[in-house]
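Notes follow the structure.
Sequence positions, counted from 1, serve as the residue numbers for this chain. Scope of the values below: all heavy atoms of this structure, side chains included, with no hydrogens, waters or symmetry mates.
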Amino acid sequence: MAWIVLGFAGLFEIGWAVGLKYTDGFTRLWPSVLTLISMAASVILLSHALRAIPLGTGYAVWTGIGAVGTAIFGMILFGDSRAPLRLAFIGLIVIGMIGLKLSD
């Protein structure tokens, strides 16, 4: 169950990272409110997941989900680079997260 909670924490991390782009420096009300809610939800869920998952593993997977998801949304929504080398390094992050899960 803790891994599922950690997954949702990572999804909320993606939400607030992408949301930052829409807040326009926290000058737009509703994008800012939603971003702050996502931040809080992400950290609260992470704290719950860390009750059962080792700190280093949980934090690394949480940030990995956020980094990979944010990179993917950046490509889809904002035209960020899809260079093969960039995709390869994103793939390495995914492999690292899988390795951490398997070694837990």
Side-chain angles (χ1 to χ4, degrees):
M1 184 67 173
W3 283 99
I4 293 170
V5 172
L6 184 62
F8 280 107
L11 292 176
F12 277 107
E13 185 183 6
I14 296 166
W16 72 256
V18 172
L20 285 174
K21 188 80 168 172
Y22 291 104
T23 67
D24 198 25
F26 288 100
T27 61
R28 298 179 61 212
L29 178 62
W30 290 111
S32 297
V33 168
L34 293 173
T35 298
L36 292 170
I37 289 170
S38 290
M39 285 178 175
S42 180
V43 172
I44 290 167
L45 290 171
L46 173 64
S47 72
H48 286 289
L50 291 178
R51 291 178 179 169
I53 298 171
L55 173 64
T57 301
Y59 185 77
V61 171
W62 177 69
T63 58
I65 292 168
V68 169
T70 302
I72 291 169
F73 275 95
M75 289 182 249
I76 294 168
L77 299 174
F78 307 114
D80 291 356
S81 170
R82 292 180 171 96
L85 192 57
R86 185 170 195 256
L87 296 174
F89 285 119
I90 290 170
L92 287 175
I93 295 171
V94 172
I95 290 168
M97 288 188 304
I98 292 168
L100 286 170
K101 168 64 173 117
L102 294 175
S103 66
D104 184 41

Between [X] and [Y], is there shared hydrophobic-cluster membership here, with clusters defined by ILVMFWY side-chain heavy atoms closer than 4.5 Å?
X	Y	answer
L11	L6	yes
V68	I76	yes
V94	F8	yes
I53	L102	yes
W62	L55	yes

Spacing of [atom1] belonging to [X] relative to [atom2] belonging to [Y], to within rounding of 0.5 Å:
X	Y	atom1	atom2	result
K21	T35	NZ	OG1	13.0 Å
L29	D24	CG	CG	13.0 Å
L45	L50	CG	CG	11.0 Å
I37	F12	CD1	CZ	9.5 Å

Any side-chain heavy atom of [X] sitting closer than 4.5 Å to one from [Y]?
X	Y	answer
V5	R51	no
W3	V61	yes
F78	V18	yes
Y22	L77	yes
I65	E13	no

- [ ] Apply the test side-chain contact (heavy atoms from CB on, under 4.5 Å) to residues I95 and I98: give CA-CA distance (whole Å), side-chain angles for both, the deciding distance (0.1 Å), then the verdict.
- [x] CA-CA 5 Å; I95 290 168; I98 292 168; 5.6 Å; no

Shortest non-hydrogen contact from [X] toward [Y]:
X	Y	answer
G66	T70	O-OG1, 2.6 Å
A9	L46	CB-N, 3.6 Å
M75	R82	O-NH2, 2.9 Å
A2	A49	O-CB, 3.5 Å

Open item on the list: Running the 4.5 Å side-chain criterion over Ile, Leu, Val, Met, Phe, Trp and Tyr, what cluster does M39 land in, apart from itself?
Closed with: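 Via sub-4.5 Å side-chain contacts, M39 links to W16, L20, F26, L36.
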
Open item on the list: Keeping T63 on the side-chain end and Y59 on the backbone end, is there a donor-acceptor pair under 3.5 Å?
Closed with: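 Present.
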
